[in-house]
Structure formats: C-alpha cells, structure tokens
Amino acid sequence: MSYERRGHYGGRRRYRDDWNNQRHEPVETPDDKLKSAIIKFGEVDANEELVRLETQIRDHVPRNIPLLSEAFRISVTEQPYKIPHYATLLRVLHNKGDTPTEDEVPLGRLILEDFWKGFQGYVDKLAWREVRLCIHFFAHLTVAKLISADSMLALLQSFTAVLDEFGVSNGRAKRAALCAGEGLLIGGPALKAHSAISSTEIINSIQQYNDTLSSEKWLVSPTFTQSVESPPLEGSIEFLDMLLTTLRALDETNFEETKNCLPRPYEIYPPFDPSVLRPYDLPIVLVPPEAIELDAMSPDTSEGETLVKKDEWPEYFIRLFPSDVSPDYTNPIGYMIRTAILDIVDIFEVNRKECARLLLEYPKWNLPGTFKPRPGSTVAVEPAPGKDWQLESTIIETILSTYLLLPESNRKSIYYISLITEICKLSPSTVGPAVGKSIRRLYHNLAEGLDVEAARKFAEWFAVHMSNFGFQWVWKEWIPDLELTVQHPKRAFMRRAIEFEIRLAYHERIFKTLPEPMQGPDAYVIPAEGPSPAFEYDASHPHHDAAEAILNLFRGRAKAEDVISHLDELRTKLESSEEGHVNVDTLVRSIAVQSLLQIGSRSFSHLLNAIERYLPLLRNLAGASAPGATTTGATATAGSNPEARTEILSAAAAFWKHNRQMVGIVFDKLMQYQIVDPTDIVAWTFLNGASVGQLSELGGPMNLSAFEWDLLRAAIDKANGRVVAARRRVMQLRKEADERRALSKAKAENGNDMDMDVENKEEEKDDDPQLVTALKAYSSLTKEQRMVLSRTLEGFVESLAPAPTARNPNPHARTVIDEAAWENRASWGRDEWNAWETWGWYKQFCRAYAPYLRTYVNTLYTVSLAKFEGAKDPGADMLKKIWNVATGQEA
C-alpha cells in the first residue's frame, strides 16, 4: 500500500509541476508571430507565401517598423540563400495601400531606412560577414530599382578605399574586397549601366591589391611549388583570384550573365516611376579602422611591442571534380554557388544537423536546372545548358576545400568532419559516392605535391570518417602503390591513416580490414604489434631484477625520497660492478622512467597519478639540485641537467615506441609539470624523433614526418600559451594596482589629506610583490618562447641547408627544391621524399607561427639565417625566401 501511495502522490506532484510549467510558458505575442513568419518565409514555397505574408505585415497593428527591420536583418544575415526573396518582399511592400495619399511613405521604404541603421551598427562593429550579406541585399534592391545606383556605387567604393590604407592587414583587405566585389557582382546590371567607369574602378582596385599578394599565395599554395611563378595544384584557385575572374567575365558581358546565375524574382514587377517613388539614397558610410592594442608588458627589447594576433593568409581552394560534375571556379555561377555554400557552413556551425539539411535543400533556392534532381524526386526539371551539376559532389568539394585551407581552416577541423558525416547520414546513397570520389582524388594529388599539412588533415578526416562507417574502404585499390618507395606520400598517407584508425578502434580490428599484402611487416602499412608499452627490462634483460625492485616500490606507493635513496644505492652498485663501460646515470634514469611509465600504462588516470605522486623523483632524475623542491614558474627546470632531461625523453619514447600518440601525451605532461622545457622537446625531436615508429629500423637521414611535427607544434604551443597566460596575469595585476591607486587618490582628495603625497604614489610602479613576481615570470617565459622558436628554426636550417662542416642529415635537401628534380620525382627514393616532407613542415612552421616569428624577427634571423648572406646556395635561398614571406620582409 505504501508503494502505491508514493506512486499516487508522485503522480499528482508530476501533474501539478507540468501544469505549473505550462502556466509559466511565455505567451507568443502578435509581434513575435509576425517576426517568426518573416524569418520562416519561403520554407515551403516563397512565391505562394509572398501575398499572404505581405497581407499579414500590412494588417499588423500597431505598426512596428523596428520589429520588421530586425526580422529582415536576421533573415538576411542568417539565411543568405533567401536574400533574393526578401528583396522581392520588400519590393512588394513598397507598393502603397489601397487608398494611398500623396504624403504616404511606403512601408517598404520605412523598413529599408531602419534596416540601414542596423547595417551601420554592423559596420561600426566590423562584423564583416553581416556587412557583406547586407550588401548582397542592397545589391538586389539596386537591381530592383529600390536603391539608387549612384549611392550603391559610393557604398562599394568606401570598401575599396580600405585596400589603399597604409599597412592594411590581409584579413581586413580581403573582407573589404569581398564586400565591394560581391556587391558589384550581384548589382552589376544596374551599376554598370549607371557608370561603367565606376564599376571598372572597383574591379581595378581589387586587382591592384591582389597583385601584391603573389608571395603570400605562394606560401599557402596547396602544393609545394619551387617558385612564385610555379603553377599550383591543377584546378586550385585563390579566393580573390576567383572573385576577380568572375567579375572580369561578367564585366565583358555587361553583367547580363548574372540573370543565369542568381534568381531575381523581383524582376516580374515593373520598376517604379522615379517621379512617383524616387529610389532610396544610401547614406555615406566610413569603414572604421582596425583596433590596434599595444602590449605594455613587453620586455626590454625593441621587438614585439604589439599583442600577437592570428595572422590571416590568402585562401586557396582545391578542386576535386571535373566541370560537368561540379561548377568550375572560373564560372560566375560557380563562384556564387560555392560562396553561398560556404556561408551556410559558416553560419550554421552551431547546429551541424541543421546545416546538413539546408545544404541538401540548397537547390530550391537556385534557378531550375542548376543541379540534377535527387533520386526519387517527382518534380520534373529540365537541365539548364552548361549546368545540371551534382549537388552532393559540389557540397563535399566545397567543404573539403575550406577544411584543407592552409595554414589552418577557419573552423575547428572536427566541425567539417562531423558535418560531412551528417550529410552522409541524411542521404547515404548519393553522398557516399561523392565522398569516395573525393578520397580518391585527394589520394591522387598526394603524388602531385599536395602540401604536407593538407595531407595530414586528409589522413585525419579519412580515419575519422571511416570510423563512423565501419572502417570499410577498398584498400585493394592501393595495393599497387606498395611498390613505391617507403617514404612516398601515398605510402606515408596509408601509415598515418591506419595509425589514426587504430587510435579510434583497436589494432586487431583494423588489421582485419586490410588486404593480405598490406598486413605484412615489409609493407610498412600497419605495425606488427598493437599500441602497447615496450618495457625493456623484462625477464630476459640483465637488469630485470633492478627494475623489478623499483617496480615493487612504485606498486607499494613508496615515498619519493625512499625511491631516490634506492636509486642512489643502485647507482653505487652498478658503478662498482663489472659493467663500467655503461653510462650508469643514463641506465638508472632509463630504469626509473620506464618503471614509472609501466605503473602508469594501465590507463591515462594511472599515468597522471604516477607522475603527480613522483614529481620529486622526476625532478631528481632531471638533475635538479634540490630533489624534493617544488619550484614553480619558468624557473622550474633552471637547476636541471639538459642531458638528463633528454635521456628522460628518450626513455619515455622507447617505452611507448609502439604507440606514438602516447609519446606525445607523456611529453606534454612532462612539459606541463616542468620536468622538461619545450626547448628540450624541440632539440630531442630533431635528433631522435625519427627513431620512434615502424620505420625506425630503416635508419638513414633524419625524417621530419607528421609525428615529429606534432611534437614540435605541441612544444611551441606550450611556450606560446605560457607567455599568453603570464601576460594576462600581469595585465590583471596592473589593473588591480591602478584601481587601488585611483581609490587611494579619491580618498585623499575627499579627506583633504594634504600630508599624503599622492603624486609620489602615482609614480610608484610595479611595487606590488605579486606584480614583481609576475613580471619576472613573464620575462623568463618570453625568453623561453624566443629560445623555442630559435631552436626550431635552427633545427630546420641544420636539416635543410647545413654548413659544409656540419653533419649533413640529408644530401638531397637542396636538390628536391629544383624544378627539374621535381619533374623527375617518379625516380625519387626515400631520401628525396624525406627532404621534400621536411621542406613542407618548414613552410608550415613559418606560416603557422608567423605572428610570433615577426615578434623576434631580427634576433631569429641573426642567429639562424644571417650566416647565409652572400652565399650561393639554393637551399639557403629557399630558406630565406620562405622566412621573408612569412615575416613580411618580402612584398
């Protein structure tokens, strides 16, 4: 009975709660309903909904112009594929009522005037995407004769003026050029007819700026080209080049071709008589300058006085399909379709499922016949001449082209990967073949010189995508490529993709998905063993008993001091033994580190617990003068031994040689707990990185592969992140100090305390002990950052253009950058492809960390590259050219 009673009361309580929730639900007001109706306009059929929505807007009382303009702004900036239909709606709202008066202002004009206020707000905030999409809207209204062509041209010219600013950044100039160029592209029929000279001037302004970007485009080209004049990957094109190509093609036809590119439903309505309704003149607008923030905490150096800001490079898009499958980049409609898809992908990042749905529904917003009808469609659409493209191939190509942008994509990589997965789930029968063709085309481009960073991202996407669909792929297609040299990009891709797949599943499952020729150890596709630890001191090792004793201490959770004492005894014992030829300190460190990692190998939490428990031990092994000290800040490794830290890294890498992901994780934790410095990681990577993995037994020259680059990137990011955190700490403390001084001054003035020397207190700077400590840490971390960048640059220089007296890790490094050598790449062996990949990672280093390199440009150049001044060395010339472009030394 008690059980039933509890259930009865519980049921009443739930019912009462539901009733209360319903009672407190917000009631949708008539304004909310109208706003929602405007935003959802066209979801079923825009032409049929137009008259009904117009009536609903006109009948709404009281009239709320700000609400209507806000609904239009939201719709235009968040649903750009509907912009032509919203232009049509505004055109209809320009008609006066049934009983018009002479002084009546059309409702559409009132909405447009208020819409402009919101646009001005976007401009003031430099919300570039919203500004550009509003300009699209204005351009359609100009064609519809609702906005004067003269004022529209003036608006576009205000954005081309940005291109002439002194020192304008690439990102700002590119966005301004897109605003002006796309506005002309859409409004061209009216603008060219009004002033052909002004239209040509806009195109020429964009062209003049674009001509200054040849070096930057060369550095972010999707292929490793030997010179600026060398053509990039076939079919690839840079964004501004694509825009200019489109504008030139349309300009030659007086923009008549735009009627075949974009729907213009407002053209069915006759233009207004200027004497009855004069077109709206857009007010004059000035694009505000970029906000430049100065960093007042820089150390005493003339370099790097500005906050590090993410650099923005030209955007190169890769083409994967022929022109009969997806629209060509040189085709005007191809530009419009791709930019529309990119806008949808960018706007709906917050909801990838909705984004996938909208992408597959995109044809409804285009002219009939633009895309092939989807299977099962009952609507008969006659293909348009020169169109009839495959929607799914166009979508996948566009997403992948922006995902593979260099040095990095605009959004997180996982977003693009997840979006493609969602599209496949919505329509697997049509999207699956497009994805398969994309994979094959990108795989083919690997041999054509696809950039190493693009190849790494391709392998990452391939592995994640396969994990979402059962790891099913026709590997047998690539069996003939096993005859290529082991370092060929295609074989390197196979290894990386399989390594990523094993991380997402397990070794045995992935092993079974491969054909038999790829399973053998000589194929170098998949390791013979899974990603398990490789503890050297097993039962067969002569030092097994010593390692077992240390393992027992760890298992018993002995104190760090007791372990250190045991290691000292072991060291003394080994020194007195017959093995005097062995470096005892190195052996003891190896046994201790591998034993500790063996304890932590069960799981990630075990690893963290083991490291945190025995931090004093690790500091002792690193050679710190005070084994049990808990130093903090940038000086944590100041008293340690660089050779000892290198040996710790080597021992950790040897333990996890079958799992390179764990090598990176352990290295990161050692940096996090300040057992080693980022500089140690960089130095170790250039000397020992190639010894980890299934190719280590091949020996030969140093190979800087994606694994080594991941280690370098982690070390550089760690050093940069510490500087950013220290800078924020100093800014916070200075702000608090300024507030305290202001408060003291206010109290002194209010209390008329003439004895308090306020001026002297204002002059006191950095007197807070916390601030002094923070400034010292900031200065030390800045030096560490400079050392990491310098050591990385030196590593690349030593690998690619070593001095004649130095060890030459790869004699082919200078050869592979020769154009004739590249043409003969079919005969390249392991060493040539090693050098080619190392050159690729050097380019990625320079372009990815360009803002930081510019901070210390003079120091880094003097230390690493100045020695090549006057030298006639093709390798040195290429090193300096890449450096000069990345750091802005070469226009």
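These numbers come from a predicted model, not from an experiment.
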Could you note down all residue pairs passing salt bridge (Lys or Arg N to Asp or Glu O under 4.0 Å) where [range] supplies at least one of them, sequence neighbours left out?
{"range": "residues 276-286", "value": "Arg278-Asp281"}
{"range": "residues 318-331", "value": "Arg319-Asp328, Arg319-Glu397"}
{"range": "residues 130-144", "value": "Arg132-Glu182, Arg132-Asp343"}
{"range": "residues 242-254", "value": "Lys192-Asp251"}

Quiz item: Residues two or more places apart in sequence or in another chain: which of them pass salt bridge (Lys or Arg N to Asp or Glu O under 4.0 Å) with Glu201?
Solution: none
Quiz item: What residues, two or more places apart in sequence or in another chain, satisfy salt bridge (Lys or Arg N to Asp or Glu O under 4.0 Å) together with Glu238?
Solution: Lys217
Exercise. For Tyr443, check side-chain hydrogen bond (donor to acceptor under 3.5 Å, both in side chains) against everything at least two apart and list the hits.
Key: Asp481
Quiz prompt | side-chain hydrogen bond (donor to acceptor under 3.5 Å, both in side chains) partners of Glu354, counting only residues at least two apart | solution = Arg357
Answer with yes or no whether the side chains of [Y] and [X] bring together a donor and an acceptor at under 3.5 Å.
{"X": "Asp346", "Y": "Asn410", "value": "no"}
{"X": "Ser236", "Y": "Tyr316", "value": "no"}
{"X": "Ser148", "Y": "Ser151", "value": "yes"}
{"X": "Trp218", "Y": "Thr225", "value": "yes"}

Quiz item: Under 6.0 Å from the six-membered ring centre of Phe41 and within 45° of its axis: does the NZ or CZ of Lys82 meet both?
Solution: no
Practice problem: Report the residues that fulfil ring-ring contact (aromatic ring centres under 6.0 Å, His included) with Tyr280, sequence neighbours left out, ordered by chain and then residue number. | Solution: none
Exercise. Please report the C-alpha distance between Arg172 and Glu312 in whole Å, then the side-chain angles of each, then the deciding distance to 0.1 Å, and finally whether the salt bridge (charged side-chain N to carboxylate O under 4.0 Å, His left out) criterion is met.
Key: CA-CA 9 Å; Arg172 176 180 171 86; Glu312 297 184 76; over 6 Å; no
Taking only distance into account, with no hydrogens and no angle test, what donor-acceptor pairs under 3.5 Å do side-chain atoms of residues 430-439 form with protein atoms, sequence neighbours excluded?
residue	atom	partner	partner atom	Å
Thr430	OG1	Glu392	OE2	3.2
Thr430	OG1	Ser427	O	3.3
Thr430	OG1	Ser427	OG	2.4
Ser438	OG	Ala434	O	2.8

Exercise. Just do the side-chain hydrogen bond (donor to acceptor under 3.5 Å, both in side chains) check on Gln208 and Asn204 with the steps written out, would you?
Key: CA-CA 6 Å; Gln208 290 173 5; Asn204 292 338; over 6 Å; no
Quiz item: For Lys364, what residues pass the side chain to side chain contact (heavy atoms under 4.5 Å, CB included) criterion, not counting sequence neighbours?
Solution: Glu361
Self-check item: Residues in side chain to side chain contact (heavy atoms under 4.5 Å, CB included) contact with Ala149, at least two apart in sequence or another chain
Solution: Thr142, Leu191, His194
